[in-house]
Novice: 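The structure follows.
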Amino acid sequence: MKLSSCILAFGVVVGCSGPGKEDVGNAPFDIDQIDSKDDSPTKPTKGVDVRVAEQITDRFTASRGFIAHQIHLAGGRVDIDVSGLEGSDQLDTILYVYGPKKSNGKFTTPAIAFNDDYEPGVNVGSHIVLDVPRDGDYLIVVSSYENYIYFPTHGSRGEYRLTVKCQSETFGACGPAVSGLDGQCWADADCVGMTPLHCEGEVVCAPGTQCLFTRIGTCVEDYAWMTIAPKQCTNPWSETPVDASEVDSFPVGDLAQVKKHYGKAGVSFDELGQLTRAEPMATCQACGCARGDKLLVKVKSDQASALAADGWVFSAPSPEAVSLAPKQCGSNPWETSPTTGVDMELEQVDAYFTAEGANVPIRGFTFPAEPKATCSSCACARGDRLVAFPADQNAAGILSSLGFSAVYVR
């Protein structure tokens, strides 16, 4: 920005004529100072809150020249960066940090960090590496050099990107953080991405309690488990032709037809399986009668509506369904003798549950929709999943002690 003469703003010389603007080296404003303008460093407009590892965007407008973003930070070093978005990449930003917040709701002053140009003469974005003085809420105020001088008479227009990163590799070390797909998490709110995500596999303490152990989770795409009670011969997929290789990819039922039928509608499954009762029940043989089993599928949440239209229902039993990944080499605790099929193995599963005192009326195996590479060691998972629906909380507790974990349901 070229200025024809020195400009005095709020009692501070901020720019003079010459080949380009001068970098504003120190934060000239105290956020508690009284200022006549409604939107200024002393009275910033509220923007969205931000968390560590999160990237947010916001926009300067005629009425938003100084925008505040609150963040909770713990001890440690954080990296704060702001720059113009594509089409707004010439935004000459200014960045302030105030805090921590006091008991009266105000932020300690003056600003504890300030930056105008990341690289004067090269990069007009703003960048701060901050050693957080103590755990608390802080305020990041974003503005621009034009707004600093001219707002509200004239000012910047355009979008900027704000990112706060932790320089520690430990998730959450610098305060509440977010992750993308396959990132670490402690709760669903920690996961953000282009598709809906949730945190899976975490173990945390209930408020006010003490944990024997905790476990960090992983951010995964939202999905739903859905079930349907197939009829004898009038299911939506019944007329779908499949060849021998497709049938051989699933050890049970008509799962190959289900996969192919819904695949034509753009539905892609993660897993498909069949649930049957430990105690057989009588069924009629007419085409419109239920045949007695249920099909269970794992599907991305945004594709579930196509199944719901055909009568599939979201599986949300109480108690919650649980599962376990069987291992190779017949080394599972229920496998007392070699088996030649799913039905025979389920008989052994039933005997195992009965011996352990767990009442499990419905159970079955699910299989990956696409073959997955697995190691051949006896300690390795063989690729399928044993799913069990305990009859009550006592059975659920027994299965948990046997290594079964909760199945995430919508």
Side-chain angles (χ1 to χ4, degrees), residues 49-54 70-78 99-105 108 130-138 164-193 196-223 225 315-325 327 333 352-353 355-360 379 381 385-410:
D49 293 349
V50 64
R51 289 173 289 176
V52 175
E54 186 171 17
Q70 186 167 305
I71 186 171
H72 187 90
L73 296 173
R77 178 169 288 188
V78 297
K101 184 189 285 187
K102 297 183 287 189
S103 59
N104 63 4
T108 55
L130 174 68
D131 287 310
V132 181
R134 66 176 185 270
D135 193 312
D137 292 327
Y138 291 79
V164 182
K165 297 179 180 178
C166 182
Q167 294 201 345
S168 169
E169 294 183 359
T170 302
F171 179 75
C174 298
V178 297
S179 290
L181 182 64
D182 297 328
Q184 294 180 314
C185 55
W186 288 108
D188 290 351
D190 298 338
C191 301
V192 295
L197 305 176
H198 69 269
C199 188
E200 193 160 299
E202 77 279 14
V203 175
V204 297
C205 286
T209 64
Q210 188 172 11
C211 286
L212 295 176
F213 74 98
T214 60
R215 182 176 65 212
I216 202 162
T218 303
C219 294
V220 300
E221 286 190 75
D222 279 1
Y223 58 79
W225 287 96
S315 178
S318 180
E320 191 174 58
V322 295
S323 73
L324 184 143
K327 293 183 171 58
Y352 172 62
F353 288 157
E356 296 292 340
N359 182 6
V360 182
R385 182 200 302 260
L386 173 59
V387 178
F389 290 75
D392 49 40
Q393 292 297 340
N394 179 62
I398 294 172
L399 294 183
S400 177
S401 71
L402 297 176
F404 285 76
S405 58
V407 172
Y408 176 88
V409 294
R410 182 179 185 271

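Basis for what follows: all heavy atoms, side chains included, without hydrogens, waters or symmetry-related copies.
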Novice: Considering residues at least two apart in sequence or located in another chain, which fulfil the side chain to side chain contact (heavy atoms under 4.5 Å, CB included) criterion with A177?
Specialist: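 Partners of A177 under the side chain to side chain contact (heavy atoms under 4.5 Å, CB included) test: V52, F171.
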
Novice: Tell me the closest heavy-atom pair linking A325 and A381, and the distance in Å.
Specialist: CB-CB, 4.3 Å

Novice: If only atom types and distance count, is the side chain of D131 paired as donor or acceptor with the main-chain N or O of G76 below 3.5 Å?
Specialist: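 No; judged by distance alone, with no hydrogens or angles, the pair does not exist.
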
Novice: Does any pair with a residue in residues 204-213 pass salt bridge (charged side-chain N to carboxylate O under 4.0 Å, His left out), and if so which ones, sequence neighbours excluded?
Specialist: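 Every pair satisfying salt bridge (charged side-chain N to carboxylate O under 4.0 Å, His left out) with a residue in residues 204-213: there are none.
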
Novice: Who passes side chain to side chain donor-acceptor pair (under 3.5 Å) against E221, sequence neighbours left out?
Specialist: T195

Novice: Checking side chain to side chain contact (heavy atoms under 4.5 Å, CB included) against V322, which of V360, L386, V387, L399 comes through?
Specialist: L399

Novice: Distance from R77 atom CZ to K165 atom NZ, nearest 0.5 Å?
Specialist: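 R77 CZ to K165 NZ: 15.5 Å, rounded to 0.5 Å.
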
Novice: Which residues satisfy the salt bridge (charged side-chain N to carboxylate O under 4.0 Å, His left out) test with D135, sequence neighbours excluded?
Specialist: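 Here no residue qualifies.
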
Novice: Tell me, please, which residues at least two apart from D137 pass salt bridge (charged side-chain N to carboxylate O under 4.0 Å, His left out).
Specialist: none

Novice: Rounded at 0.5 Å granularity, tell me how far OH in Y223 sits from NE2 in H198.
Specialist: 4.5 Å

Novice: Search all heavy atoms of L181 against all heavy atoms of L197 and return the closest pair with its distance.
Specialist: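 Of all heavy-atom pairs spanning L181 and L197, the closest is N-CD1, 3.6 Å.
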
Novice: F404: what forms a ring-ring contact (aromatic ring centres under 6.0 Å, His included) with it, not counting sequence neighbours?
Specialist: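 Checked F404 against ring-ring contact (aromatic ring centres under 6.0 Å, His included); matches are F353.
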
Novice: Are the side chain of S323 and the backbone of V407 linked by a donor-acceptor contact shorter than 3.5 Å?
Specialist: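 No; judged by distance alone, with no hydrogens or angles, the pair does not exist.
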
Novice: Using the side chain to side chain contact (heavy atoms under 4.5 Å, CB included) criterion, which residues pair with S400? Sequence neighbours excluded.
Specialist: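 So S400 forms no side chain to side chain contact (heavy atoms under 4.5 Å, CB included) with any residue.
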
Novice: Residues in side chain to side chain donor-acceptor pair (under 3.5 Å) with D182, at least two apart?
Specialist: none

Novice: Once side chain to side chain donor-acceptor pair (under 3.5 Å) is applied, do any residues pair with S179, and if so which ones, sequence neighbours excluded?
Specialist: none

Novice: Please report the interatomic distance CD(E200) to CG(D222), rounded to the nearest 0.5 Å.
Specialist: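 CG of D222 is found 9.5 Å from CD of E200.
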
Novice: Run the side chain to side chain contact (heavy atoms under 4.5 Å, CB included) test against C185 and tell me which residues pass, sequence neighbours left out.
Specialist: D190, C191, C199, C219

Novice: What pair of heavy atoms forms the shortest contact from A206 to T209, and how long is it?
Specialist: O-OG1, 2.6 Å

Novice: Going by heavy atoms in the side chains, are P100 and R134 under 4.5 Å from each other?
Specialist: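 A side-chain contact exists here, since the closest heavy-atom pair is under 4.5 Å.
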
Novice: Got a second to check how far D188's CG is from E202's CD, nearest 0.5 Å?
Specialist: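 Rounded to the nearest 0.5 Å, the CG-CD separation comes to 6.5 Å.
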
Novice: So do the side chains of V204 and T214 get within less than 4.5 Å of each other, counting heavy atoms only?
Specialist: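 V204 vs T214: side chains apart.
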
Novice: If the condition is side chain to side chain contact (heavy atoms under 4.5 Å, CB included), which residues does R215 pass it with, not counting sequence neighbours?
Specialist: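 Applying side chain to side chain contact (heavy atoms under 4.5 Å, CB included) to R215 gives V203.
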
Novice: Shortest non-hydrogen contact from V78 to C174?
Specialist: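 Result for this residue pair: CG1-CB, 3.6 Å.
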
Novice: Applying side chain to side chain donor-acceptor pair (under 3.5 Å), can you list everything that pairs with R51, at least two apart in sequence or on another chain?
Specialist: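 If we apply the side chain to side chain donor-acceptor pair (under 3.5 Å) test to R51, skipping adjacent residues, there are no hits.
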
Novice: Can you see which heavy atom on K327 is nearest to which on A379, and at what distance?
Specialist: CE-O, 3.5 Å

Novice: What about H72 and Y138, are their ring centers closer than 6.0 Å?
Specialist: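 Centroid distance H72-Y138: not below 6.0 Å, so no.
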
